[in-house]
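Every number for a ligand or one of its atoms is a count from 1 in the order of the listing.
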Amino acid sequence: MPSRKMEVEMILVMFASLLAAREVDRATGSSKASSMPGSPHNISKNDTSLQTVVLSAVYSFNNQSNDAFLFRASVIYRAQRQVVNGIRYIVDLEISRTVCRKRDNNNLSNCSFQPAGYLHQTFVCHLEVWQIPWKPQSQTLELLCKP
Ligand SMILES: *[C@@H]1O[C@H](CO)[C@@H](O)[C@H](O)[C@H]1NC(C)=O
Ligand SMILES: *[C@@H]1O[C@H](CO)[C@@H](O)[C@H](O)[C@H]1NC(C)=O
Ligand SMILES: *[C@@H]1O[C@H](CO)[C@@H](O)[C@H](O)[C@H]1NC(C)=O
Ligand SMILES: *[C@@H]1O[C@H](CO)[C@@H](O)[C@H](O)[C@H]1NC(C)=O
Ligand SMILES: *[C@@H]1O[C@H](CO)[C@@H](O)[C@H](O)[C@H]1NC(C)=O
C-alpha cells in the first residue's frame with residue numbers, strides 16, 4: 001500500500017558538480033576570484049526561477065520515491081538566492097501527496113492534494129540547488145525530507 005508510513009529520509013544529489021565548479025574556477029581564473037560572493041537573500045516565493053528549481057526537485061523526489069502517487073510542493077516557507085560561483089537556491093518547503101497516480105503520467109500542476117485522511121502525507125524538506133549557468137549540465141541538487 002502506498003499509504004504505509006514512509007520513514008523516509010531522502011537525500012538526492014544530482015549531477016554532483018563540486019569538481020566541475022572547481023574546474024570552472026581554475027579555467028576562468030582571476031575574474032571569478034575577484035568577484036565577491038554575495039550572501040543569501042530572500043526572494044519572492046513567486047519568483048519564476050525559484051518555481052523551476054522547486055519543480056525539478058519535486059520531479060527528482062517523485063522519481064526516487066516508490067510511492068504510487070505524485071507529490072508536489074504545498075508550502076514554501078523560505079526561499080533564498082545567493083550568487084556564489086553561479087547561483088545557489090536555499091529553500092525550506094513542504095511537499096505533499098497528490099491524488100495523481102504516477103502511472104497516469106499527469107501534468108503535476110493539475111494535481112490536487114490528498115484530502116485529510118489515510119492518504120494525506122506531507123514531508124518537510126530542505127532544498128539546496130547550485131546552478132552554474134555557464135555550464136548548464138552542471139547543477140547540484142540536494143533535497144532532504146522528513147515526514
Ligand atoms: C504571488 O502570487 C499570488 C497569486 O499568483 C499572489 O496572490 C501573491 O500576492 C503573490 N505574492 C507575491 C509576494 O508577489
Ligand atoms: C529517474 O531515475 C533514474 C535512475 O534512478 C534515471 O535513470 C532516470 O533518468 C530518472 N528519470 C527522470 C525523469 O529524472
Ligand atoms: C526572510 O524570509 C524569512 C521567511 O520568510 C523571514 O523569517 C526572514 O525574516 C526574512 N529575512 C529578511 C532579511 O527579510
Ligand atoms: C490541466 O487542467 C487544465 C484546466 O483544468 C486542462 O485544460 C488541461 O487539459 C489539463 N492538463 C492535463 C495534462 O491534464
Ligand atoms: C502543465 O500545465 C500547466 C498549466 O496548466 C502548463 O503551464 C504546463 O506547461 C504544463 N506542463 C506540461 C509538461 O504539460
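Listed by number with element, the atoms of ligand 3 under 4.0 Å from a non-hydrogen atom of Lys45 are 5 (O).
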| request: Walk me through it: do Leu55 and Leu108 pass the test side-chain contact (heavy atoms from CB on, under 4.5 Å)? | output: CA-CA 9 Å; Leu55 198 60; Leu108 196 55; 4.2 Å; yes
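A side-chain contact (heavy atoms from CB on, under 4.5 Å) with Tyr89 is found for one member of Leu127, Val54, Leu141, Val53 and no other, namely Val53.
At the top of the distance list for atom 4 (C) of ligand 3, counting protein heavy atoms only, stands Tyr77 O, 3.5 Å. Scanning the protein for heavy atoms near atom 3 (C) of ligand 3, the closest one is Asn42 ND2, 3.7 Å.
Less than 4.0 angstrom separates atom 7 (O) of ligand 3 from none of the non-hydrogen atoms of the protein.
In the model, Arg97 has no side-chain atom that pairs as donor or acceptor with a side-chain atom of Gln114 under 3.5 Å.
Side-chain contact between Arg72 and Phe113 is present, with heavy atoms from C-beta onward closer than 4.5 Å.
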